[in-house]
Amino acid sequence: MKRVTHHDRDTAYRVSDRGGDGPTICFVHGSGGSKDVWKAQARLSDQCPVVTLDLSGHGDSDDADVPAGPEALDAYADDVAAVAAETGATVLCGNSLGGAVALWVAVARDLPLDGLVLAGTGAKLAVADALREALASDFGRAVEMLHQPDRLFHDAPSEYVALSRAGMRDCGRAVTERDFETCHTFDVRDRLDDIAVPSLAVVGEHDALTPVEYHDYLADRIPDCERAVIEGAAHLAMLERPAAFNAALTAFCSRLASETK
């Protein structure tokens with residue numbers, strides 16, 4: 001594990017590199033998560049260097065003393081920009097909140113990018129009132145709500161579900177609630193025309209949190225955006241169907257490589 005210092009805090013990240021000559025990809029986790037959600041994407045490191053990070057207050061990273069909403073979004077974008085600059089990453093791949101952060105970096109940060117992968121996310125990420133209420137008053141119930149069928153998972157192995165629950169509890173109520181409240185305020189529908197790099201919107205076919213139509217919207221409104229649907233998966237498609245997710249990502253990165261030659 002490595003760390004980069006910026007804005008008076010340290011952001012933890014991990015690099016997997018087995019000699020791949022593709023673009024370096026920086027993976028950004030979602031609400032209540034950590035870099036561990038991308039373990040299966042380390043398999044791509046013989047094709048592309050893989051970077052995974054913990055956003056502020058998650059995993060091994062220091063926290064930023066900011067409230068939910070635009071200030072938290074800015075802090076998370078600072079984390080990603082710092083790690084990307086440190087590692088030379090030119091492709092961002094974000095899931096859920098991480099997709100919102102990746103979108104915000106693309107439209108609001110002066111970071112050179114070659115591509116953007118938006119996985120289980122959207123240009124607007126309103127959160128259901130019942131989940132927001134549970135996050136504020138009964139964290140255990142909120143965790144269970146997120147692990148109901150076709151939310152985080154469709155039909156994942158039980159050990160994946162158990163690890164996901166444990167990871168969210170380790171992150172804690174305060175940070176997880178901040179994440180979801182930040183999602184709730186997020187809206188870049190009027191900024192999608194500003195995205196000037198090839199993009200991929202990828203979604204699990206059963207994702208009830210950020211459904212397929214969210215990704216249709218991204219594909220229709222980002223100037224150069226493809227869409228891919230991962231069969232047999234829900235919100236955490238990269239965990240539930242890693243081979244299919246990685247295949248979609250490999251095809252996208254191959255396209256980027258051919259276009260930059």
Side-chain angles (χ1 to χ4, degrees), residues 1-7 9-30 33-56 58-62 76-99 101-106 109-121 160 163-164 167 197-202 226 228 230 236-261:
M1 188 185 68
K2 301 184 178 182
R3 308 181 78 85
V4 60
T5 301
H6 65 98
H7 298 86
R9 63 183 183 272
D10 282 1
T11 295
Y13 66 96
R14 182 180 294 126
V15 178
S16 299
D17 186 354
R18 294 184 290 177
D21 59 2
T24 299
I25 309 171
C26 180
F27 291 87
V28 191
H29 64 78
S34 76
K35 59 184 177 297
D36 291 342
V37 76
W38 302 107
K39 283 183 177 179
Q41 281 59 61
R43 302 170 193 169
L44 296 168
S45 61
D46 59 346
Q47 305 169 52
C48 303
V50 168
V51 178
T52 59
L53 79 149
D54 290 328
L55 296 172
S56 289
H58 303 73
D60 296 306
S61 288
D62 295 342
Y76 294 155
D78 289 339
D79 298 336
V80 172
V83 171
E86 185 76 7
T87 60
T90 59
V91 176
L92 302 182
C93 177
N95 170 249
S96 198
L97 168 69
V101 175
L103 279 165
W104 191 241
V105 170
R109 291 289 187 277
D110 186 19
L111 182 72
L113 292 176
D114 292 325
L116 198 60
V117 180
L118 306 167
T121 192
Y160 281 28
L163 286 170
S164 177
V197 296
S199 302
L200 171 67
V202 55
E226 306 170 21
I230 307 301
L236 298 182
M238 65 285 194
L239 268 179
E240 193 166 18
R241 294 291 182 268
F245 185 95
N246 287 357
L249 193 51
T250 297
F252 177 68
C253 288
S254 295
R255 175 197 162 193
L256 295 182
S258 67
E259 291 179 355
T260 56
K261 286 182 179 178

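- Annotation: the span from Arg9 atom CZ to Ser56 atom OG amounts to 3.5 Å, rounded to 0.5 Å.
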Take Val202 and Glu226, measure what side chain to side chain contact (heavy atoms under 4.5 Å, CB included) needs, and give me the verdict at the end.
CA-CA 8 Å; Val202 55; Glu226 306 170 21; over 6 Å; no

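- Residues that satisfy the ring-ring contact (aromatic ring centres under 6.0 Å, His included) test with His58, not counting sequence neighbours, are His29, Tyr76.
- Nearest heavy-atom pair across Trp38 and Val28 is CZ2-O, 3.2 Å.
- Interatomic distance, CG of Leu53 versus OG of Ser34, reported as 10.0 Å (0.5 Å rounding).
- Shown here for Ile230 and Ala248, the closest heavy-atom pair between the two residues is CD1-CB, 4.4 Å.
- In terms of heavy atoms, Arg18 sits closest to Ala42 at NH2-O, 3.6 Å.
- Legend: residues meeting salt bridge (charged side-chain N to carboxylate O under 4.0 Å, His left out) with Asp60, ordered by chain and number and at least two apart, are Lys35.
- Between the side chain of Asp10 and the main chain of Asp62, no donor-acceptor pair closer than 3.5 Å is present.
- Under a 3.5 Å cut-off, the side chain of Ser164 and the backbone N or O of Tyr160 do not form any donor-acceptor pair.
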Carefully, step by step, assess Leu236 and Met238 under the rule side chain to side chain contact (heavy atoms under 4.5 Å, CB included).
CA-CA 5 Å; Leu236 298 182; Met238 65 285 194; 3.7 Å; yes

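- A salt bridge links Asp36 with Arg14: the distance from a Lys NZ or Arg NE/NH1/NH2 to an Asp or Glu carboxylate oxygen falls below 4.0 Å.
- Summarising the geometry of Leu116 relative to Ala106, their closest heavy-atom pair is CD2-CB, 3.9 Å, with the distance given to 0.1 Å.
- In this structure a side-chain-to-backbone donor-acceptor pair under 3.5 Å is missing from Arg3 to Ser61.
- Remark: side-chain polar atoms of Asn246 are paired, donor with acceptor, to backbone N or O of Ala40 under 3.5 angstrom.
- Shown here for Phe245 and Cys93, the closest heavy-atom pair between the two residues is CZ-SG, 4.2 Å.
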Any chance you could lay out the side chain to side chain contact (heavy atoms under 4.5 Å, CB included) test for Leu55 and Leu97, step after step, and finish with the verdict?
CA-CA 10 Å; Leu55 296 172; Leu97 168 69; 4.3 Å; yes

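- Legend: side-chain hydrogen bond (donor to acceptor under 3.5 Å, both in side chains) pairs involving residues 86-95, not counting sequence neighbours, sorted by first then second residue: Thr90-Asp114.
- Cys48 approaches Gly22 most closely through the heavy-atom pair SG-CA, 3.8 Å.
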Worked verdict on Asp79 versus His7 for side chain to side chain contact (heavy atoms under 4.5 Å, CB included)
CA-CA 9 Å; Asp79 298 336; His7 298 86; over 6 Å; no

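- For the atom pair OH of Tyr13 and OG1 of Thr52, the computed distance is 11.0 Å after rounding to the nearest 0.5 Å.
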